[in-house]
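Presented below is the structure to which this report refers.
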There are 2 protein chains.
Amino acid sequence: MTVTIYDVAREAGVSMATVSRVVNNNPNVKPQTRKKVFEAIERLGYRPNAVARGLASKKTTTVGVVIPDISNAIFAEVARGIEDIANMYHYNIILCNADKKKDKEIRVINTLLEKQVDGLLFMGGAVTDEHLQAFKTANVPIVLCATTDEQGLIPSVDIDHEAAAYDAVQALLKQGHTRIAMISGTLQDPSIGFARFQGYKRALESAGITYDENLVRIGNYRYESGSEAMKYFLDLSDRPSAVFSATDEMAIGAIHQIQDSGLKVPQDVSIISVDNSRMASMVRPQLTAVAQPMYDIGAVSMRLLTKLMKKETVDHAKVVLPHEIVTRQSVSAI
Amino acid sequence: MTVTIYDVAREAGVSMATVSRVVNNNPNVKPQTRKKVFEAIERLGYRPNAVARGLASKKTTTVGVVIPDISNAIFAEVARGIEDIANMYHYNIILCNADKKKDKEIRVINTLLEKQVDGLLFMGGAVTDEHLQAFKTANVPIVLCATTDEQGLIPSVDIDHEAAAYDAVQALLKQGHTRIAMISGTLQDPSIGFARFQGYKRALESAGITYDENLVRIGNYRYESGSEAMKYFLDLSDRPSAVFSATDEMAIGAIHQIQDSGLKVPQDVSIISVDNSRMASMVRPQLTAVAQPMYDIGAVSMRLLTKLMKKETVDHAKVVLPHEIVTRQSVSAI
DNA sequence: CTGTTAGCGCTTTCAT
DNA sequence: ATGAAAGCGCTAACAG
């Protein structure tokens with residue numbers, strides 16, 4: 001039924017070892033024998049069984065990727081970066097959505113490890129002690145992707161979310177804004193939520209502006225929640241002249257809310273966000289945003305993982321990719 | 001170093017078979033023995049090796065997914081549908097981007113098959129004879145996802161792209177438009193490109209309108225190409241009063257092009273598209289579009305694949321999911 | 001309900 | 001340059 005390496009060996013009149021060598025491109029094979037083997041492979045339609053190979057060699061050339069949600073544009077972009085580099089190094093990826101839920105994350109990490117992945121890329125919510133525990137039992141390298149652990153024990157690649165937020169708010173400050181609101185993500189989320197909120201507060205502080213909790217609303221990263229938050233701000237007696245949104249999508253919701261209430265962006269309210277997804281240039285006015293290099297985060301973390309898997313020594317196990325502000329039309333001077 | 005089923009057996013004072021039984025939830029184990037085994041597993045920190053299991057049982061509980069581009073929102077949505085259902089049936093997915101390139105598609109199909117996936121979900125460009133050939137050598141079920149083969153030999157789940165386009169254009173016709181342009185995808189793409197173009201032509205025909213090739217531009221599905229196509233139409237001496245776009249993203253590019261030239265949507269030009277991605281409600285005016293149920297296409301195709309993998313008999317191996325037009329604000333009467 | 005025993009298809013020493 | 005043979009860790013009859 002299925003043709004095995006043994007069948008090929010017999011057909012070619014050589015040993016299994018020799019077939020294995022030609023299949024694996026081992027140079028120690030006489031060209032003539034190699035040819036014979038290839039012909040036998042062709043004739044029989046032989047297809048190597050990667051599972052058997054994995055068992056024998058203890059390598060599967062597949063890596064596990066745990067991701068919050070592949071249907072989120074930001075993460076999908078990271079995933080593409082990961083897969084491109086994985087492909088380049090002949091790895092395949094097993095993709096698991098875990099929705100930033102701790103239990104689900106732990107569960108998929110374990111099944112990935114059971115599947116004997118050669119390495120693991122983890123993109124999730126907070127990295128808790130339980131995560132650390134699970135990582136410890138893995139005897140394969142792990143890199144955190146678009147996240148970091150508090151203690152900085154695990155290799156990771158990410159941007160500095162706090163600084164990104166800080167820079168975004170600075171851009172608003174520089175235009176003379178002083179009443180600056182924030183549409184935040186949940187503070188439970190360490191990077192996108194908490195870190196960006198911290199950056200916002202630090203920027204305000206640096207300008208001597210006292211923090212006003214009425215100017216902060218927590219959204220769920222979605223368009224609608226951006227709209228709702230903005231509605232709240234607009235109804236304030238003393239409404240903000242500028243808004244910092246933790247994500248593009250909420251920013252766009254805010255923009256439309258402003259426009260729908262007859263006001264103008266940026267003339268009446270300026271808006272800036274962090275992300276710079278493709279959508280940022282697909283709104284009017286186009287959105288000014290701090291760019292997170294998502295594709296690169298994916299690509300670099302996969303590259304780092306390949307090095308770790310090859311046991312190469314790496315100098316920077318914690319890489320922080322630069323962010324930059326891309327100025328479009330949603331911010332103006334007050 | 002690594003603890004195996006044999007170690008657990010010794011530790012628990014039972015045979016490997018018994019350990020295997022408790023790990024696999026085989027009911028034929030005395031509760032007491034089961035308990036002993038679980039304790040040994042716990043004590044040793046045993047983690048079953050899925051690769052070894054795969055070799056022995058000839059099942060990997062993983063399915064291969066070839067997708068054009070995971071960073072494309074439409075496909076990412078399908079992928080999420082696939083993964084959710086896969087997860088529900090305890091399958092994992094190996095994800096491969098193939099960019100609708102035939103060579104790449106054939107290559108990943110083969111590596112997926114080498115990895116002994118239990119089934120394959122194929123999302124790609126045209127299904128050529130070479131594809132059919134590759135599918136034939138697979139001895140696992142395959143389902144086409146958001147595509148179909150001409151001959152209808154392979155199980156598939158998709159919408160009727162031709163009818164979707166037809167319906168979209170009908171909606172324009174119903175509003176009295178007669179000069180209707182189309183922003184198409186490449187005609188090489190059977191479903192999104194060619195089929196939608198055919199639907200456009202058929203709708204025109206049904207209304208007795210002669211086809212004018214000046215009213216069709218080929219885009220690349222991206223925002224910018226929608227803008228460019230629209231610019232071309234706007235420069236026509238006798239510009240169209242309505243535009244049908246093959247995708248949301250190009251439609252949004254067109255909307256902005258119209259607005260940037262001082263005209264209004266839908267007052268001056270109506271626009272309709274096929275997709276109904278989340279972006280459709282994130283533009284102003286909100287985009288009227290024929291909804292493709294992408295998540296469902298993914299979910300249903302994965303569900304179908306599970307049935308095929310379990311060798312259940314399926315009555316409809318070719319499922320065509322319904323599409324519906326969701327009316328928003330981008331279309332008005334002429 | 002439990003144990004014995006062959007493999008699953010391949011890689012990898014170790015010889016030759 | 002090539003072959004022989006011993007596993008890799010597990011499942012699946014089969015026997016009892």
Side-chain angles (χ1 to χ4, degrees), chain A residues 1-38 40-41 44-62 90 110-111 113-118 139-140, chain B residues 1-38 40-41 44-62 90 110-111 113-118 139-140:
Chain A
M1 168 85 225
T2 60
V3 17
T4 74
I5 200 173
Y6 177 74
D7 301 320
V8 177
R10 216 184 14 180
E11 174 82 9
V14 299
S15 72
M16 287 166 54
T18 300
V19 178
S20 175
R21 287 191 188 96
V22 347
V23 169
N24 293 295
N25 262 307
N26 183 320
N28 289 8
V29 181
K30 216 191 318 178
Q32 203 184 106
T33 348
R34 182 182 303 276
K35 185 157 170 289
K36 271 197 310 190
V37 173
F38 272 132
I41 288 178
L44 266 39
Y46 169 66
R47 171 179 289 148
N49 180 325
V51 172
R53 172 183 296 168
L55 183 58
S57 69
K58 294 175 168 304
K59 277 183 184 41
T60 54
T61 61
T62 104
H90 303 293
N110 281 314
T111 81
L113 259 16
E114 286 186 4
K115 297 232 168 172
Q116 310 299 119
V117 293
D118 293 338
N139 17 30
V140 294
Chain B
M1 172 82 224
T2 60
V3 16
T4 75
I5 200 173
Y6 177 74
D7 301 320
V8 176
R10 218 186 12 181
E11 174 82 10
V14 298
S15 72
M16 286 166 53
T18 301
V19 178
S20 175
R21 287 191 188 95
V22 347
V23 169
N24 292 296
N25 262 308
N26 183 320
N28 291 7
V29 180
K30 214 193 319 181
Q32 202 184 107
T33 340
R34 183 182 302 278
K35 185 158 169 290
K36 269 197 312 190
V37 172
F38 272 133
I41 287 176
L44 266 39
Y46 169 66
R47 170 179 290 147
N49 181 327
V51 172
R53 171 183 296 166
L55 183 58
S57 69
K58 295 175 168 302
K59 276 184 185 42
T60 54
T61 61
T62 103
H90 303 294
N110 280 314
T111 81
L113 259 17
E114 286 187 5
K115 297 231 168 172
Q116 310 299 120
V117 292
D118 293 339
N139 16 30
V140 294

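Quick note on labels: first sequence line is chain A, next is B, and so on, each numbered from 1.
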To the nearest Å, give me how far apart [atom1] ([X]) and [atom2] ([N]) are.
X        : N       : atom1 : atom2 : result
Lys35(B) : dC1(C)  : NZ    : P     : 17 Å
Ile41(B) : dC10(D) : CD1   : C1'   : 13 Å
Arg10(B) : dC10(D) : CZ    : P     : 13 Å
Ile5(B)  : dG3(C)  : CD1   : P     : 12 Å
Tyr6(A)  : dA6(D)  : OH    : P     : 16 Å
Lys36(B) : dC1(C)  : NZ    : P     : 14 Å
Leu55(A) : dT11(C) : CG    : P     : 11 Å
Arg53(B) : dG9(C)  : CZ    : C1'   : 18 Å

For this session: Using the closest heavy atom to pick a nucleotide of DNA chain C for each, name whichever of Val14(B) or Asn49(A) lands nearer the 5' end.
Result: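 Looking at the nearest nucleotide for each, Val14(B) comes out on the 5' side.
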
Problem set entry | 5' precedence on DNA chain C between Pro27(B) and Val19(A) (nearest-nucleotide basis) |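 So the residue in question is Pro27(B).
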
Between [options], which nucleotide has the shortest distance from any of its atoms to the side chain of [X]?
X        : options                 : result
Met16(A) : dT11(C), dC1(C), dC8(C) : dT11(C)
Lys58(B) : dG9(C), dT12(C), dG9(D) : dG9(C)
Thr33(A) : dA1(D), dA4(D), dT11(D) : dA1(D)

Hey, does the side chain of [X] come within less than 4.0 Å of [N]'s phosphate (OP1/OP2), counting only N and O?
X        : N       : answer
Ser15(B) : dG3(C)  : yes
Ser20(B) : dC10(D) : no
Thr18(B) : dG3(C)  : yes
Ser57(B) : dC8(C)  : no

Exercise. If you take atom types as modelled and just measure distance, does the side chain of Arg21(A) reach the base of dG3(D) with a donor-acceptor pair under 3.5 Å?
Worked result: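 Flag set: donor-acceptor pair detected.
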
Closest heavy-atom pair and its distance - [X], [Y]:
X        : Y         : answer
Tyr46(B) : Val23(B)  : CE2-CG2, 4.1 Å
Leu55(B) : Val51(A)  : N-CG1, 3.6 Å
Thr60(A) : Gln116(A) : OG1-O, 2.8 Å

Exercise. In Å and rounded to the nearest 0.5 Å, what is the CG to OG1 distance from Leu44(A) to Thr2(A)?
Worked result: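 One finds 11.0 Å between CG of Leu44(A) and OG1 of Thr2(A).
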
For this session: Could you check whether Asn28(B) gets within reach of a base, just the sugar-phosphate, or nothing at all, counting any heavy atom under 4.0 Å?
Result: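 The residue Asn28(B) makes base contact.
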
Exercise. Side-chain donor-acceptor pair under 3.5 Å between Asn28(A) and Arg21(A), yes or no?
Worked result: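 The answer is no; no qualifying pair exists.
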
